[in-house]
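Residue numbers count from 1 along this sequence.
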Amino acid sequence: MEKLLVTGATGNLGRLTLQLLLERLPAEQLAGLSRSPDRAADLTERGVDIRQGDYFDYASLVRAFDGVDKLLLVSAVAFTDRNTQHYNAITAAKQAGVKHVIYTAIQRDEDLGINQVGVTESDVFTEQTLRASGLTYTILRNPIYLDYLEQYLAADVYEKGLRVPPGEGTMAPALLRDLAAGNVAVLTQAGHENKTYTLNGSQAASYRDIAATLSEIHGQPVPYLPVPVEEFLESYLQKDVPGPVAEFLTAWVAGVGLGSFSKHTDDLERLIGYRPTGYREFLEKNYPAVGPGTTNESARSA
């Protein structure tokens, strides 16, 4: 039996992936990596082998990856020297004898050349490192997470309209659960070796489209109101968001309009075998009570 290990076992994406794996495989095939294994007590109780390890601690990674055949490398959060962490994980995986590494990157459009602050440069570095390692690899480029769409739209959109930096770029956000199901497919199926997938939800939309959809849901007009990037940034600063974090969040929201997330494929649907949840049905059920605001990066690993 192949041994599968998921990093970020106490983060949202990693935990969901392990929970879905447990529906398909015996627990003895599964392992998870966490800096604090005690935070994964629920998975341990179900028989998952939770191993202690830190992306910055190379020796801990070599130990944790021992006996592992396939590794899901959930990318590290922004602002944490992702290059060093991912290089350590890939190199340790090779030393430990891992055969196949699956890496969760963030979607990008190389033709546009937009640098998504905090992730693009380190994703490029990690993908190049993985391809050069000699390991079998799969790269899964993730979209905006539907679960945290409020971070991009703001909770007061019904009162103040959809105020975002200008641009007609589109996004097709997907649920973490659907993306975790994509992880499971690559971990448990053959045929994904040395491939790169761009993952999306089932519906693409610009901010203008989303404002129109919210208007229909709300029963009253929700105007689309493009604002200068500086004004949008100031709205974060007025909420006492630290400067570097405000700049990071602004770049992500602005990146949608610029086209950073406009590449749409059916890769996710083909992987999971069902239609991923689309933004409209999600908004109809959840908005504006989407949950705590965060970005893709802070939802990924822990």
Legend entry - Hphob cluster co-occupancy, Val124 + Val77, side-chain heavy atoms under 4.5 angstrom: no
Inset, instruction - Could you tell me whether the side chain of Leu5 reaches within less than 4.5 Å of the side chain of Asp69, counting heavy atoms only? - result: no
Inset, instruction - In sequence, state the C-alpha distance, the side-chain angles, and the governing distance for Thr136 and Glu193, and then conclude on side-chain hydrogen bond (donor to acceptor under 3.5 Å, both in side chains). - result: CA-CA 6 Å; Thr136 298; Glu193 295 81 8; over 6 Å; no
Inset, instruction - Would you check, one step at a time, whether the test side chain to side chain contact (heavy atoms under 4.5 Å, CB included) holds for Asn183 with Leu21? - result: CA-CA 9 Å; Asn183 296 340; Leu21 282 168; over 6 Å; no
Legend entry - Common cluster, Ile144/Val117, ILVMFWY with side-chain heavy-atom separation under 4.5 Å: yes
Legend entry - Where Ala246 and Val241 come nearest, the two heavy atoms and their spacing: N-CG1, 3.7 Å
Legend entry - Leu214 and Val157, any side-chain heavy atoms less than 4.5 Å apart: yes
Legend entry - Check: Thr104 side chain, Ser75 main-chain N or O, donor-acceptor pair, under 3.5 Å: yes
Legend entry - Side chain to side chain, Leu140 and Asp267, heavy atoms closer than 4.5 Å: no
Inset, instruction - Using atom types as modelled and distance alone, determine if a side-chain donor or acceptor of Ser262 lies under 3.5 Å from a backbone N or O of Thr170. - result: yes
Legend entry - Which residues share a side-chain contact (heavy atoms from CB on, under 4.5 Å) with Val62, sequence neighbours left out: Tyr58, Ala92, Gln95
Inset, instruction - For Tyr207, enumerate each residue passing the ring-ring contact (aromatic ring centres under 6.0 Å, His included) test, keeping only those at least two apart in sequence or located in another chain. - result: none
Legend entry - For Phe79, ring-ring contact (aromatic ring centres under 6.0 Å, His included) partners two or more places apart: Phe248
Inset, instruction - Might you confirm whether atom CZ of Arg177 has over 12 heavy atoms from other residues, nucleotides or ligands at distances under 6.0 Å? - result: no
Legend entry - Test item: Val222 and Thr213 side chains (from C-beta on) under 4.5 Å apart, heavy atoms: no
Legend entry - In one Ile/Leu/Val/Met/Phe/Trp/Tyr side-chain cluster, 4.5 Å: Phe56, Leu71: no
Legend entry - Contact check, side chains of Leu249 and Tyr152, non-hydrogen atoms, under 4.5 Å: no
Legend entry - Residues that, via side-chain heavy atoms closer than 4.5 angstrom, fall in one hydrophobic cluster with Tyr87: Phe125
Legend entry - Smallest separation among heavy atoms of Ala205 and Ile210, with atom names: CB-CG1, 3.9 Å
Inset, instruction - Using a cut-off of 6.0 Å, state whether more than 12 heavy atoms not belonging to Gln52 lie near its atom CD. - result: yes
Legend entry - hydrophobic_cluster_shared for Val229 and Trp252, side chain cutoff 4.5 Å: no
Inset, instruction - Nearest 0.5 Å please: distance from the CG atom of Leu146 over to the CG atom of Leu175. - result: 5.0 Å
Inset, instruction - Report yes or no: does Lys263 contribute a side-chain atom to a donor-acceptor pair with the main-chain N or O of Gln107 at less than 3.5 Å? - result: no
Legend entry - Main-chain N/O of Ser60 paired to Asp57 side chain as donor or acceptor, under 3.5 Å: yes
Legend entry - Interatomic spacing from CG in Leu4 to OG1 in Thr17 - rounded to 0.5 Å: 11.5 Å
Inset, instruction - State which residues pass ring-ring contact (aromatic ring centres under 6.0 Å, His included) with His100; sequence neighbours excluded, sorted by chain then number. - result: none
Inset, instruction - Just jot down the ring-ring contact (aromatic ring centres under 6.0 Å, His included) partners of Tyr236, sequence neighbours excluded, or say none. - result: Phe232
Inset, instruction - Would you confirm whether Asn286, through its side chain, and Phe282, through its main-chain N or O, come within 3.5 Å as a donor-acceptor pair? - result: yes
Legend entry - Side chain Thr7, main chain Leu72, donor-acceptor under 3.5 Å: yes
Legend entry - Atom of Arg51, atom of Phe65 and distance for their closest heavy-atom approach: NH1-C, 4.2 Å
Inset, instruction - Find out whether Ile272 and Leu179 are in side-chain contact, i.e. whether some heavy atom of one side chain is under 4.5 Å from a heavy atom of the other. - result: no
Inset, instruction - Give a yes or no on whether the backbone of Pro276 and the side-chain of Ser202 come within a donor-acceptor separation of less than 3.5 Å. - result: yes
Inset, instruction - Would you indicate whether Lys70, at its atom NZ, is surrounded by more than 12 heavy atoms from other residues, nucleotides or ligands within a distance under 6.0 Å? - result: yes
Legend entry - Reported CG-to-OH distance for the pair Leu153 and Tyr279, which is rounded to 0.5 angstrom: 10.5 Å
Legend entry - Donor-acceptor contact below 3.5 Å, side chain Ser133 vs main chain Leu130: yes
Inset, instruction - Kindly say whether Ala105 contributes a backbone atom to a donor-acceptor pair with the side chain of Asp123 at under 3.5 angstrom? - result: no
Legend entry - Any donor-acceptor N/O pair, Lys239 side chain to Glu234 backbone, under 3.5 Å: no
